[in-house]
Structure formats: structure tokens, C-alpha cells
Student: 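The structure is given below, and queries will be raised subsequently.
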Amino acid sequence: MGKPFTVNINRYDPYKTYRFLVYFGTSTSPVAAVSKVTGLKRSSDVIEYKEGANAITLKGLGRTKYEPITLERGLTQDLDFAKWANAAKLENEGWEQDTSLAEPLEA
């Protein structure tokens with residue numbers, strides 16, 4: 001029996017030394033890789049209320065808040081993702097631009 005797979009020792013994989021892969025939009029292949037991700041937190045406010053003549057105070061779920069996500073020590077070779085990330089940086093510095101950080105930029 002022969003080997004089931006051939007090995008390509010010259011294969012270039014720039015993302016193999018990173019811990020997290022980043023997928024952008026509907027892409028099925030990673031557009032970036034990063035070593036550290038922080039800010040994966042959410043918190044919800046508690047709302048206390050009473051119903052009618054009931055003496056018991058009920059608690060409900062209020063507004064949910066999400067921490068900003070930070071990607072650190074990364075690498076990308078995708079120009080659309082790089083443009084989007086640079087738009088986020090410029091917006092943070094106060095530079096106005098007609099773009100949304102929720103949608104990728106048109107090329």
C-alpha cells in the first residue's frame with residue numbers, strides 16, 4: 001500500500017503560528033490571523049419591578065452591553081480587511097469618513 005497523501009514541504013502558510021483566525025464577511029477562508037483577542041465580555045443590567053399588588057419584587061434582564069474587541073499581534077494579506085481595519089483606526093483618531101465598521105468597504 002502506498003502513502004494516502006503526498007506532502008508538500010514547500011507549502012507557504014503564513015497563519016500557522018497564530019492562535020486565532022479571522023473570517024471577514026461571508027469569506028470561507030481566513031483573511032487574518034492574530035495571537036491575542038481581548039474584550040470578549042458582555043454584561044446586562046438588572047431591572048427590578050413589581051406586578052400589581054404582589055409584594056415580591058421581580059427581576060428581569062435589561063440592556064446588554066458589549067466590550068470592544070481588540071485583536072493584537074496580527075497578520076493579514078487581504079486588502080479589503082486592511083482597508084476596513086484602517087478605517088476603524090482613522091475613525092478612532094477623529095477623522096470623518098463615510099464608512100461603516102459593520103460592513104466591508106467596496107474596492
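All values below were derived from every heavy atom in this structure, side-chain atoms included, with hydrogens, water molecules and symmetry-related copies excluded. Residue indices begin at 1 and follow the sequence shown.
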Student: Measure the spacing between OH of Tyr23 and OG of Ser29 and express it to the nearest 0.5 Å.
Tutor: 7.5 Å
Student: Got a sec, which residues hit side-chain contact (heavy atoms from CB on, under 4.5 Å) with Ala85, two or more places apart in sequence or on another chain?
Tutor: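 With sequence neighbours excluded, Ala85 shows a side-chain contact (heavy atoms from CB on, under 4.5 Å) to no residue whatsoever.
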Student: To the nearest 0.5 Å, what is the distance between CG on Leu71 and NZ on Lys36?
Tutor: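 Rounded to the nearest 0.5 Å, the CG-NZ separation comes to 12.0 Å.
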Student: Give the table of side-chain donor-acceptor pairs shorter than 3.5 Å for residues 51-68, with sequence neighbours excluded, one pair per line with atom names and distance.
Tutor:
from  : atom 1 : to    : atom 2 : distance (Å)
Asn54 : OD1    : Ile56 : N      : 3.2
Thr64 : OG1    : Ser44 : OG     : 3.1

Student: Compile the donor-acceptor pairs under 3.5 Å between side chains in residues 72-79 and protein atoms, sequence neighbours left out, one pair per line.
Tutor:
from  : atom 1 : to    : atom 2 : distance (Å)
Thr76 : OG1    : Val31 : O      : 2.5
Thr76 : OG1    : Asp78 : N      : 3.2
Gln77 : NE2    : Tyr12 : OH     : 3.4
Asp78 : OD1    : Asp80 : N      : 3.2
Asp78 : OD1    : Phe81 : N      : 2.9

Student: What heavy-atom pair brings Phe20 and Ser35 nearest, and what distance separates the two atoms?
Tutor: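 For Phe20 versus Ser35, the nearest heavy atoms are CE1-O, 3.8 Å.
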Student: In Å and rounded to the nearest 0.5 Å, what is the OG1 to CD1 distance from Thr38 to Ile69?
Tutor: 9.0 Å
